[in-house]
Amino acid sequence: MDANEFKSLFIPYHAKLYRTAYSILRNVQDAEDIVQEAYLKLWNKREELDVAVCREAYCVTLVKNLCMDFIRSNRSTLEDVIDDERLCLPADDIGTEQEKKEENGRLRKMISELPDVQKKVMWLRDVNECSFEEIGKATGLNQVNIRATLSKARKRIREQFIKFKG
């Protein structure tokens, strides 16, 4: 497959691939990077793709998998992503700046200790502000399971936070 044929087959999917990546990651630059990486992988496998039954579905699945890999690779850096503004801790409850930093650090640690599914759902909903539909696409869970998982995660964090404060 030459470059012109590749472009004619795969460039029409660009908008859909970008929307898919953005709906999962909620970050313009990361979504663009994922789509670019997907096109690179497609180009490198262009000879094998001639027999692909549904190129569009293959491309969308590739982008979803790359997004999940990206999220997994950044899971360990959760502390770097959650900033003080996103934690929404009331200033009255925190007091001094040092206390605020300490509580945010504890909260980050509590989130990082959640089971993987709870951590992923909480990450997508509370940090990336994804909709339940987008979380469902990213995780394969239905909305009822997402809500239950998110509720359990938040309850666990609240309990740990209260236990620590008490």
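Quantities reported herein were computed from a predicted structural model and do not represent experimental measurements.
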- Item | Heavy atoms of other groups near E56 CD, more than 12 under 6.0 Å | yes
Rounded to the nearest 0.5 Å, the CD1 atom of I157 sits from the NZ atom of K152 at a distance of 15.0 Å
Exercise for the section: Kindly determine whether E32 and Q36 satisfy side chain to side chain contact (heavy atoms under 4.5 Å, CB included), including the steps that lead there. Expected result: CA-CA 6 Å; E32 289 172 355; Q36 184 176 8; over 6 Å; no
Taken to the nearest 0.5 Å, the spacing of M122 CE from R156 CZ works out to 11.0 Å
Applying ring-ring contact (aromatic ring centres under 6.0 Å, His included) to F10 and not counting sequence neighbours gives F6
Go through the steps to decide whether K137 and I24 satisfy the test side chain to side chain contact (heavy atoms under 4.5 Å, CB included), and finish with yes or no.
CA-CA 8 Å; K137 288 179 183 176; I24 295 170; 5.5 Å; no
CD1 (I71) and CG (L66) are apart, to the nearest 0.5 Å, by 11.5 Å
Nearest heavy-atom contact between A31 and L25 is N-CD1, 4.1 Å
For this session: Please tell me if the side chains of V121 and F132 come closer than 4.5 Å, counting only heavy atoms from C-beta onward.
Result: no
For A21 and C67 the tightest heavy-atom approach is CA-SG, 3.7 Å
In this structure, CD of Q160 is separated from NZ of K109 (nearest 0.5 Å) by 8.5 Å
task = Determine whether K64 and M68 make a side-chain contact, defined as any pair of heavy atoms from C-beta on separated by less than 4.5 Å.
result = no
Open item on the list: If hydrophobic clusters are built by linking Ile, Leu, Val, Met, Phe, Trp and Tyr wherever their side-chain heavy atoms come under 4.5 Å apart, do L62 and I11 end up in the same one?
Closed with: yes
I'd like to know whether E5 forms a side chain to side chain contact (heavy atoms under 4.5 Å, CB included) with D2, so could you lay out the CA-CA distance, the side-chain angles of the two residues, the decisive distance to 0.1 Å, and finally the verdict. CA-CA 5 Å; E5 186 179 359; D2 66 357; 3.0 Å; yes
Test side-chain contact (heavy atoms from CB on, under 4.5 Å), reference N142, set V144, T139, I146, output is V144
Atom CD of E133: over 12 foreign heavy atoms under 6.0 Å:
no
Between the CG atom in N4 and the CG atom in L9, the distance rounded to the nearest 0.5 Å is 11.0 Å
OH of Y22 to CG of N27, rounded to nearest 0.5 Å, is 7.5 Å
Y39 and L17, any side-chain heavy atoms less than 4.5 Å apart
yes
Worksheet item: Hey, mind stepping through I135 and L141 against side chain to side chain contact (heavy atoms under 4.5 Å, CB included) and telling me if it holds?
Response: CA-CA 8 Å; I135 295 170; L141 299 173; 5.8 Å; no
Original post:
Okay, side chain of E134, backbone of S131: is any donor-acceptor separation there less than 3.5 Å?
Top reply: yes
Checking the side chain of S151 only, and the main-chain atoms of R147 only, is there a donor and an acceptor separated by less than 3.5 Å? no
